[in-house]
Amino acid sequence: MSKSSKYYVVWEGYEPGIYSSWTDCKLKIQNYPNAKYKSFPSLEEAKEAYAMGFFNYQKQKKATSKTFSTEGIEWNSIAVDAASSGNPGKMEYRGVVTKTKQVLFHMGPFPNGTNNIGEFLALVHGLAFLKNKKSELPIYTDSKIAMSWIRQKKCKTKLARNSENEKLFELIKRAELWLATNSFKTPILKWQTKAWGEIPADFGRK
RNA sequence: ACAU
DNA sequence: CGATGT
Ligand SMILES: [Mn+2]
Ligand SMILES: [Mn+2]
């Protein structure tokens, strides 16, 4: 049931609002002249689009689709990303559903981590998460470094160990152990930021 | 140079 | 402007 949970915004119709089924939506726009309505993959996106109104929604959509294309994205996937305050600095990472940005996991912040450690841990967490769910979905990352470290099954950070980051190095050890003892066929895909904009798991701080 |  | 990495 949560599979086909699209949301429908009706800006202009017999009863404007947000509906959770096409059946309900159709009732409000059927035979209504020039009805303004559209489906969204998540309630959050529907609320935002409804709040901004039809005209502003179309304007913003045009502005961003002018900069970025959406072609070639594997929407049936998850996406991971890391962020830090300072590098090295307070680091966190998360994984989301690509299509909806629904957060699947979020770890940290951990003191004194690097961007690349975060991207690496995020990917391993994603792999373990999908295996645990018996899911064959691919994973997107925007980090070439993390992709390469996963191929080598090794976090090749140059960060020096200290009292602040011992927890983090423990996590790294666990991640490497997971890679050494688990098989996966999860396709690891490069998110093409230049063409598509920020990865859906991005923390939006830049 | 490329990717964060 | 600074840092993490191949
Ligand atoms: Mn990233
Ligand atoms: Mn990011």
Side-chain angles (χ1 to χ4, degrees), chain A residues 63-131 135 137-206:
Chain A
T64 55
S65 68
K66 211 133 208 134
T67 312
F68 299 118
S69 157
T70 195
E71 189 184 302
I73 297 177
E74 180 52 71
W75 290 106
N76 203 207
S77 62
I78 73 169
V80 298
D81 196 26
S84 79
S85 169
N87 190 23
K90 203 189 285 184
M91 180 275 287
E92 65 196 302
Y93 69 81
R94 70 178 178 179
V96 307
V97 177
T98 301
K99 214 185 322 185
T100 63
K101 299 185 175 175
Q102 183 204 329
V103 177
L104 299 171
F105 53 84
H106 180 182
M107 297 291 284
F110 306 100
N112 194 233
T114 70
N115 60 333
N116 294 323
I117 290 173
E119 302 274 16
F120 171 78
L121 291 177
L123 251 191
V124 177
H125 196 126
L127 290 169
F129 177 88
L130 290 172
K131 178 159 188 169
S135 167
L137 293 185
I139 302 189
Y140 273 113
T141 174
D142 62 21
S143 170
K144 290 202 316 191
I145 300 293
M147 291 178 82
S148 118
W149 289 1
I150 293 289
R151 280 191 298 268
Q152 302 169 71
K153 299 185 180 300
K154 184 77 189 162
C155 174
K156 293 186 61 186
T157 185
K158 292 162 184 169
L159 181 66
R161 292 179 197 240
N162 61 41
S163 48
E164 308 274 311
N165 59 34
E166 52 187 285
K167 269 262 185 43
L168 199 55
F169 275 91
E170 188 52 46
L171 269 186
I172 292 170
K173 201 162 86 178
R174 274 182 51 191
E176 288 172 341
L177 179 62
W178 189 92
L179 290 172
T181 54
N182 287 272
S183 64
F184 58 90
K185 15 187 222 346
T186 305
I188 297 174
L189 309 176
K190 177 66 176 71
W191 181 265
Q192 298 186 32
T193 306
K194 282 232 161 91
W196 303 338
E198 287 285 1
I199 194 168
D202 180 54
F203 287 80
R205 297 172 179 171
K206 295 190 308 295

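What you are looking at is a predicted structure, and each value in this text was computed from that prediction instead of being measured.
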(message) Using a 3.5 Å distance criterion without hydrogens, assess whether the side chain of N115(A) forms a donor-acceptor pair with backbone atoms of G118(A).
(response) no
(request) Establish, with yes or no, whether the OP1 or OP2 oxygen of C2(B) is under 4.0 angstrom from a side-chain nitrogen or oxygen of K194(A). (result) no
(request) Mind calculating the distance between CG (N87(A)) and P (A3(B)) to the nearest angstrom? (result) 17 Å
(message) Tell me the interatomic distance from L123(A), atom CG, to dG5(C), atom P, rounded to whole angstroms.
(response) 15 Å
(request) Please work out if T193(A) contacts a base, only the sugar-phosphate, or nothing of the nucleic acid, heavy-atom cut-off 4.0 Å. (result) sugar-phosphate
(request) Using a strict cut-off of less than 4.0 Å between a Lys/Arg side-chain nitrogen and an Asp/Glu carboxylate oxygen, indicate whether K173(A) and E166(A) qualify as a salt bridge. (result) no
(message) From NZ of K190(A) over to C1' of dG5(C), roughly how many Å is that when rounded to an integer?
(response) 14 Å
(request) Answer yes or no: are there more than 12 heavy-atom neighbours, outside E71(A) itself, under 6.0 Å from its atom CD? (result) no
(request) Answer with base, sugar-phosphate or nothing: what part of the nucleic acid does K206(A) contact at a heavy-atom distance below 4.0 Å? (result) nothing
(request) Can you tell me the distance, in whole Å, between the CD atom of E198(A) and the C1' atom of A3(B)? (result) 12 Å
(request) Considering just the side-chain nitrogens and oxygens of W149(A), establish if one lies under 4.0 Å of OP1 or OP2 belonging to dT6(C). (result) yes
(request) Would you mind reading off the distance between I199(A) atom CD1 and U4(B) atom C1', rounded to a whole angstrom? (result) 11 Å
(message) From CD1 of I145(A) over to P of dG5(C), roughly how many Å is that when rounded to an integer?
(response) 8 Å
(message) I'd like to know whether NZ of K90(A) has more than 12 heavy-atom contacts from other residues, nucleotides or ligands below 6.0 angstrom.
(response) no
(request) Select one nucleotide: of dT6(C), dT4(C), U4(B), the one nearest the side-chain heavy atoms of D142(A). (result) U4(B)
(request) Specify the separation, in whole Å, of atom NZ of K144(A) and atom P of A3(B). (result) 6 Å
(message) So if I take every side-chain heavy atom of E119(A) and compare against U4(B), dA3(C), A3(B), which nucleotide ends up nearest?
(response) U4(B)
(message) Distance check needed: dT4(C) P versus I172(A) CD1, whole Å only.
(response) 14 Å
(request) Report yes if a donor N or O on one partner sits less than 3.5 Å from an acceptor N or O on the other, where the partners are the side chain of N115(A) and the base of U4(B); otherwise report no. (result) yes
(request) Output yes when at least one side-chain N/O atom of T157(A) is less than 4.0 Å from OP1 or OP2 of dG5(C), else no. (result) yes
(request) May I ask you to decide whether E176(A) forms a salt bridge with K153(A), counting only side-chain N to carboxylate O separations under 4.0 Å? (result) no
(request) Side chain of K158(A) only, please: which of dA3(C), U4(B), dG5(C) is the nearest? (result) dG5(C)
